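All remarks here apply to the structure that follows.
Computed from a predicted structure; not experimentally measured. Note on naming: letters A, B, ... go to the chains in the order of the sequence lines (proteins, then strands), and numbering restarts at 1 for each one.
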Number of protein chains: 2
Amino acid sequence: MSHTPTPTPHPAGTSRAAQKEQSRRALLDAALLLLDHQNLSSLGVREVTRAAGLSPAGFYRHFRDLDELGVTLVTESLGSLHLMIEKVLAEQGEPERLIERTVAVIARHVREHRAHIRFLARERHGGVQPVRAAIAAEFAAFTEQTAAALSLQEESADWSAADLSMLAALYVEHLVGTAAAFLEAPAGSRAAEQRIAARARDQLRLISIGRRHWTSAKG
Amino acid sequence: MSHTPTPTPHPAGTSRAAQKEQSRRALLDAALLLLDHQNLSSLGVREVTRAAGLSPAGFYRHFRDLDELGVTLVTESLGSLHLMIEKVLAEQGEPERLIERTVAVIARHVREHRAHIRFLARERHGGVQPVRAAIAAEFAAFTEQTAAALSLQEESADWSAADLSMLAALYVEHLVGTAAAFLEAPAGSRAAEQRIAARARDQLRLISIGRRHWTSAKG
DNA sequence: AAAGTCAGCAAACAGCTGTTTACTGAATGA
DNA sequence: TCATTCAGTAAACAGCTGTTTGCTGACTTT
């Protein structure tokens with residue numbers, strides 16, 4: 001008499017695990033959407049569950065905290081980035097063509113994963129320590145991966161490991177900076193995008209010229 | 001009878017304007033302190049006034065919102081950075097010595113203005129639009145300023161304006177990245193600081209080699 | 001000396017927050 | 001078929017939030 005019981009909370013007929021996964025995704029997607037205009041440290045449990053269509057208590061069936069949800073988002077965001085970087089590193093051909101492809105891949109990735117990339121840029125130096133740590137760890141791994149790929153190229157035959165790592169860090173930082181620049185571009189303005197791309201290509205050209213003429217310090 | 005009146009709220013004897021400024025500073029300093037572990041978008045009025053030793057209502061005698069306070073912090077933080085960049089650009093001498101000085105100046109600045117720099121790094125891509133815009137505008141000005149300084153050097157005699165701007169952007173981004181790297185260093189670890197400094201110097205060397213051998217695109 | 005300014009206050013407002021509780025009922029496994 | 005599991009719920013908890021109000025009393029001007 002006091003409360004009406006709740007009728008079928010899910011489109012019945014699906015497996016239980018699939019139902020749960022669906023809710024989990026709803027939470028992650030809702031959070032990512034809210035994080036477009038907001039910082040992770042100011043996100044609220046109720047806010048997320050409201051946007052995802054769950055009751056507040058439901059949140060705790062999936063995550064201990066918002067930090068945990070944040071770390072999950074980091075993992076997802078970096079997963080796709082990882083694939084992109086592998087794609088870039090696998091490219092072959094003359095340097096000029098390679099630079100062109102690299103920047104195009106970055107631009108495309110930002111266009112197709114805007115929310116993820118913005119999240120990474122925003123939380124890389126954000127106020128939530130575990131999230132910052134997760135991002136930093138993964139970026140370090142990218143740098144190592146890049147260094148390994150560079151060491152296989154003939155241009156770096158006589159490079160020391162330290163120098164390769166230094167160069168890889170420069171490339172990764174440039175990649176991140178370029179992605180962030182694409183983000184700032186007034187969403188959809190091809191003109192702005194092309195200006196950013198042109199500049200990024202020139203910067204990569206300059207760096208690869210430096211690379212070609214590099215001679216390690218203690219000469 | 002109902003409420004006891006408040007006794008002298010300030011160390012009497014000071015001018016009114018000075019008293020007000022003192023409270024304003026207390027607010028800004030308290031905010032900056034809180035922003036060490038937090039994002040601007042999650043900062044609260046009550047939180048700041050509590051830390052500054054004011055009543056909540058007192059906040060509104062100084063700022064309309066927290067966004068306004070944020071923009072003020074941006075202005076202050078970038079003011080000191082501006083001075084630093086001028087210092088770097090004014091340096092003269094052989095490239096190697098110049099690079100060394102540049103990195104040293106950055107390291108020193110981060111050490112002495114930790115809170116300001118962390119704030120800038122954190123809010124550059126943060127969730128508060130007006131603050132983001134203020135930072136972006138000032139960074140663009142830095143780039144222009146750097147381009148102007150570069151154009152005065154003999155190494156860039158035959159450089160186009162666009163190429164100079166591209167190079168300046170690369171330098172500024174590298175500067176910002178280096179400052180952020182110093183921030184991550186386990187506060188006080190000279191070893192970590194020196195590793196970062198060494199890498200930054202090598203990267204600057206590589207860039208300046210690229211600069212020396214640069215020939216514009218449409219050749 | 002009298003009048004005016006205004007920084008700071010306490011109190012009250014409605015509305016929000018994270019988290020826990022005891023419950024329900026569909027999907028699952030015996 | 002019956003017992004178990006467990007994702008999701010509504011309700012309640014104490015505690016927090018931004019902002020407005022009317023007031024006070026020290027400084028400042030006249």
SB check Arg108(A) Glu112(A) (cutoff 4.0 Å): yes

State plainly whether the residues Glu76(A) and Arg25(A) are in salt-bridge range, i.e. N to O under 4.0 Å. yes

Heavy-atom check, side chain of Thr143(B) versus side chain of Glu173(B), under 4.5 Å: no

Mind checking whether His113(B) and Ser77(B) have side chains closer than 4.5 Å, heavy atoms only? no

If you only use heavy atoms from C-beta on, which nucleotide in dA26(C), dT19(C), dC27(D) is closest to the side chain of Arg16(A)? dA26(C)

Interatomic spacing from CG in Leu54(B) to CZ in Arg61(B) - rounded to 0.5 Å: 11.0 Å

Would you check if there is a donor-acceptor pair between the side chains of [Y] and [X] at a distance under 3.5 Å?
{"X": "Gln153(A)", "Y": "Arg211(A)", "answer": "yes"}
{"X": "Ser165(B)", "Y": "Arg199(A)", "answer": "yes"}
{"X": "Ser42(B)", "Y": "Ser42(A)", "answer": "no"}

[atom1] of [X] versus [atom2] of [N]: gap in Å, rounded?
{"X": "Glu21(B)", "N": "dG8(C)", "atom1": "CD", "atom2": "C1'", "answer": "16 Å"}
{"X": "Leu69(B)", "N": "dG18(D)", "atom1": "CG", "atom2": "C1'", "answer": "15 Å"}
{"X": "Arg46(A)", "N": "dT20(C)", "atom1": "CZ", "atom2": "C1'", "answer": "12 Å"}
{"X": "Lys20(A)", "N": "dA7(D)", "atom1": "NZ", "atom2": "P", "answer": "4 Å"}
{"X": "Gln22(A)", "N": "dA26(C)", "atom1": "CD", "atom2": "P", "answer": "17 Å"}
{"X": "Glu47(A)", "N": "dT17(C)", "atom1": "CD", "atom2": "P", "answer": "7 Å"}

Strictly below 4.0 Å, heavy-atom distances to any atom of DNA chain D: list the hits from residues 48-68 of chain A, or just say none. Leu54(A), Ser55(A), Ala57(A), Gly58(A), Arg61(A), His62(A)

Examine dC27(D): is either OP1 or OP2 under 4.0 Å from a nitrogen or oxygen in the side chain of Gln19(B)? Give yes or no. yes

At what angle, to 10 degrees, do the two end axes of the helix from dA1(C)-dT30(D) to dA12(C)-dT19(D) meet, given five pairs define each axis? 10°

Thr49(B) (side chain) donor-acceptor with Arg46(B) (main chain) under 3.5 angstrom: yes

